[in-house]
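Everything on this sheet refers to the single structure shown next.
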There are 2 protein chains.
Amino acid sequence: MSPSKDNPTERRRPATVSIRDVAQRAGVSIATVSRAVNHISTVNAELAQRVWKAIEEVGYLPNTQARALVSGRSKMLGLIVSEITNPFFPELVQEFENLAVAQGYEVLIGSTNYDPARTESLMRRLLQRNVDGVAVMTFGVEEDLVKKLVEREFPLVFVDAAPDLSNIHVLKVDYAEGIRQGVQHLAALGHRRIAFISGPLTQRSPRARREAFLKSMAELGLKVPPEHLVEGSHNMEGGITAMERLIALPELPTAVMCSNDMTAIGALHALYRTTHKVPEDISVVGFDDIHLAQFMLPPLTTVQMSCRDLAAAAVEGLRAGIEQDHPRHGRREWHIPTRLVVRQSSTFPRGSLPALVSGTQPKRSGS
Amino acid sequence: MSPSKDNPTERRRPATVSIRDVAQRAGVSIATVSRAVNHISTVNAELAQRVWKAIEEVGYLPNTQARALVSGRSKMLGLIVSEITNPFFPELVQEFENLAVAQGYEVLIGSTNYDPARTESLMRRLLQRNVDGVAVMTFGVEEDLVKKLVEREFPLVFVDAAPDLSNIHVLKVDYAEGIRQGVQHLAALGHRRIAFISGPLTQRSPRARREAFLKSMAELGLKVPPEHLVEGSHNMEGGITAMERLIALPELPTAVMCSNDMTAIGALHALYRTTHKVPEDISVVGFDDIHLAQFMLPPLTTVQMSCRDLAAAAVEGLRAGIEQDHPRHGRREWHIPTRLVVRQSSTFPRGSLPALVSGTQPKRSGS
DNA sequence: TCAAAGACGGCAAACGCTTTCCGCAAAGGT
DNA sequence: ACCTTTGCGGAAAGCGTTTGCCGTCTTTGA
């Protein structure tokens, strides 16, 4: 049996209300509706009023797809992160999304899970969805692809580790300075044997942080034996196993600086399990200042990187790339400052009395 | 190799390659290209081959917007969560995204932050973007709006606390059973004075969990004095302050069940700060089994709800709603099972020896 | 009073794609 | 050999917007 084919008004279409319905309701042409919606000044105020009323009445929502099709801009931004399950990123995502939405953009989020193939297909998906720009908050995107996009003048923002290309916006997190803040804090407390747990060294940014650590230590005239440099994976598991390696050393370092907070949290756990006391036996310093850090036991001393600043710079950078008609004036860098947040996971090394330390300079010698 | 210099189709648009370019390259009509792309069987295999080769050569990506415009489906799904910064949700988001992408869908994520106004505008944004369906993984969406959408047969999936409407897909997490598993575990260990830290009671699902707790306790003939029911906020801060209230009681309960893991983690912290030992002084049980739970100190006993199952059911439910042409056969429920995961944050109440537990009431010795 | 100028709103052409319809050619039946 | 059936490709009609181009109606200066 064939269903109601007799009723021509009942179509198979979803009951979506289009600009035509508004036009009919307001007794104007669809062009006028469009102009009213877009606040074009040439439309008579009284007419515009009527249009808005009609819009309200029929519950009209402009179809973004159609709009995108004709305007060439989708008003969507791509956001690529490493791992959405790493607590640092949701905070970033949140900020990014708030800012983007405030500017009328929607956000497509993707996580690469450090997998190049995944990254590639993610990029592809984003392009296919016609995002107006992409913020790459992770590392290891194919240079080829990036180069092609840059040639097209496709808006891109990288954090920290961008391919060496001009015409790219880069958010420079000052790892050098941030790590130095952490190291100097520890050194000022009297630590000399400071270990470092890095992120995955296959990637650029973790390597940069490790370099920054070595440089900071060198500046202070402190040596770093190779066994004090262990590789983690920027998550808790990595922090745990890395810390276990340090614990297994004949002599425990008196402090450990970590490449990010999750690593530090992992380190705290490993230490707790082996009944080492933090900070009495060993000081731990993180990097990022994720929300969780302040709730650790003990609350984690860490280097703050404001993900609000980061998100703001990313959105602003993308907007600049999108909304200017003229070609960009070359690579633009945004400086993201860092700030040491001292909590309770760091203190004087065991045996060094507070009284002796206060008054001495960071560049102290002797033990 | 473009002989057409005076071709009026050549505009100053961004260098996006369209179906026409492919058609030209392959020497066929655009219709053929479209059919080849969509794997329509009537296309000659050899021709299709040529088309695919051309697609590869010119680097063609079908414009999703245009496709959505004509097909009426955007191949995008909305995912509404409470707080993306709450570690439970990124795990869910991850799973959901993986599944959706595997089916050719993109995901638009939004967090409500428990703010009805935000939720409303989020919903609006999603509809305007023409998502094909929305999974609502939070609570407190306006009934009116939902009703309107349901009337339109707009695919919606709710978790647990859906408005009382037919024709809705609901993922029923078995809180009653989950909470009971937790409570019975504690009771079996010999606990009788079990407190409960709920989520924000303004919302439906937290209330449901609280009811489940009361019911489970009643089943066991255990009384719950009102001061043992405290309200949290489903995050760490809420867990901390709630636990502090319990600690301030003249007599500490021997165990506390929490409405979710973040609350439990907060509780652990509050207890640690006040030098109470977990689980010796008090057992703590969570709910959700987020990744973090196993890394707590001590590792958290909790009730697992598989967010993979949850995500899978959500995606499947939406797909069913989207891809079937016939009207739905009424409300459909998906049952999400729970499972107790015993770790080290729960044990016998102090003073109750393991051997004595079965049959005797726990002996309390003061403070 | 008339014409020129100016406002303003409508028509219609894209935007990139899918899909229906139609014509042409080849295949199959008698 | 003719007529019917079938298959496949091309042309074209939209999908819901925006926007350039005109036509019309009002305003204003001489």
Just by modelled atom types, is the [Y] backbone N or O under 3.5 Å from a matching donor or acceptor in the [X] side chain?
{"X": "A:N63", "Y": "A:A66", "value": "yes"}
{"X": "A:T112", "Y": "A:Y114", "value": "yes"}
{"X": "B:S34", "Y": "B:I30", "value": "no"}

Please give, in whole Å, the distance from [N] [atom2] to [X] [atom1]?
{"X": "B:R67", "N": "C:dC15", "atom1": "CZ", "atom2": "C1'", "answer": "16 Å"}
{"X": "A:N63", "N": "D:dG14", "atom1": "CG", "atom2": "C1'", "answer": "14 Å"}
{"X": "A:I55", "N": "D:dT17", "atom1": "CD1", "atom2": "P", "answer": "10 Å"}
{"X": "A:R20", "N": "C:dG10", "atom1": "CZ", "atom2": "P", "answer": "14 Å"}
{"X": "B:E46", "N": "D:dG7", "atom1": "CD", "atom2": "C1'", "answer": "16 Å"}
{"X": "A:L47", "N": "C:dA7", "atom1": "CG", "atom2": "C1'", "answer": "12 Å"}
{"X": "B:I19", "N": "D:dG9", "atom1": "CD1", "atom2": "P", "answer": "14 Å"}
{"X": "B:N130", "N": "D:dC15", "atom1": "CG", "atom2": "C1'", "answer": "11 Å"}

With the sugar-phosphate defined as primed atoms, P, OP1 and OP2, and the base as all remaining atoms, what B/S/- string results for nucleotides 19-26 of chain C, 5' to 3', for protein heavy atoms under 4.0 Å?
BB------
Looking at B:K75 and B:E106, is there a salt bridge between them, counting it only when a charged N and a carboxylate O are closer than 4.0 Å?
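Looking at B:K75 together with B:E106, the answer is no, because their closest N to O distance does not fall below 4.0 Å.
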Salt bridge between B:K53 and B:E57, side-chain N to carboxylate O under 4.0 Å?
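B:E57 and B:K53: salt-bridged.
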Kindly state which residues belonging to residues 21-29 of chain A come within less than 4.0 angstrom of DNA chain C, counting heavy atoms of the residue only, listed by number.
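Close to the strand are A:V28, A:S29.
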Identified stems (criterion: three or more consecutive Watson-Crick or G-U pairs, under 3.5 Å), DNA chain D:
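DNA chain D stems, ordered by first number: C:1-30 with D:1-30.
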Distance below 4.0 Å between A:T32 side-chain N/O and C:dG10 OP1 or OP2
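A:T32 to C:dG10 OP1/OP2: side-chain N or O found under 4.0 Å.
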For B:S41 and for B:L69, locate the closest nucleotide of DNA chain D by heavy-atom distance; then report the residue assigned to the nucleotide nearer the 5' terminus.
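Nearest nucleotide further toward 5': that of B:S41.
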I need the single residue from B:L318, B:V315, B:V170, B:V136 that forms a side-chain contact (heavy atoms from CB on, under 4.5 Å) with B:V157. Which is it?
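With B:V157 as partner, B:L318, B:V315, B:V170, B:V136 yield a single side-chain contact (heavy atoms from CB on, under 4.5 Å), made by B:L318.
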Can you see which heavy atom on A:V51 is nearest to which on A:A26, and at what distance?
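Nearest heavy atoms, A:V51 then A:A26: CA-CB, 4.1 Å.
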For residues A:I40 and A:V43, report the shortest heavy-atom separation together with the two atoms involved.
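Where A:I40 meets A:V43 most closely, the heavy atoms are O-CG1, 2.8 Å.
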For the side chain of A:N44, starting at C-beta, report the closest nucleotide among D:dG9, D:dT17, C:dC8.
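Given the options D:dG9, D:dT17, C:dC8, the side chain of A:N44 is closest to C:dC8.
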Test side chain to side chain donor-acceptor pair (under 3.5 Å) applied to A:Q103 and A:E316, A:E323, A:R319, the passing residue
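By the side chain to side chain donor-acceptor pair (under 3.5 Å) criterion, A:Q103 pairs with just one of A:E316, A:E323, A:R319: A:R319.
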Judged by modelled atom types alone, do B:N98 and A:R118 share a side-chain donor-acceptor pair under 3.5 Å?
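Result is yes, a qualifying pair exists.
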Cation-pi check for A:W334 against A:R332: NZ or CZ below 6.0 Å from the six-membered ring centre and within 45 degrees of the axis, yes or no?
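Flagged: A:R332 positioned over aromatic ring of A:W334.
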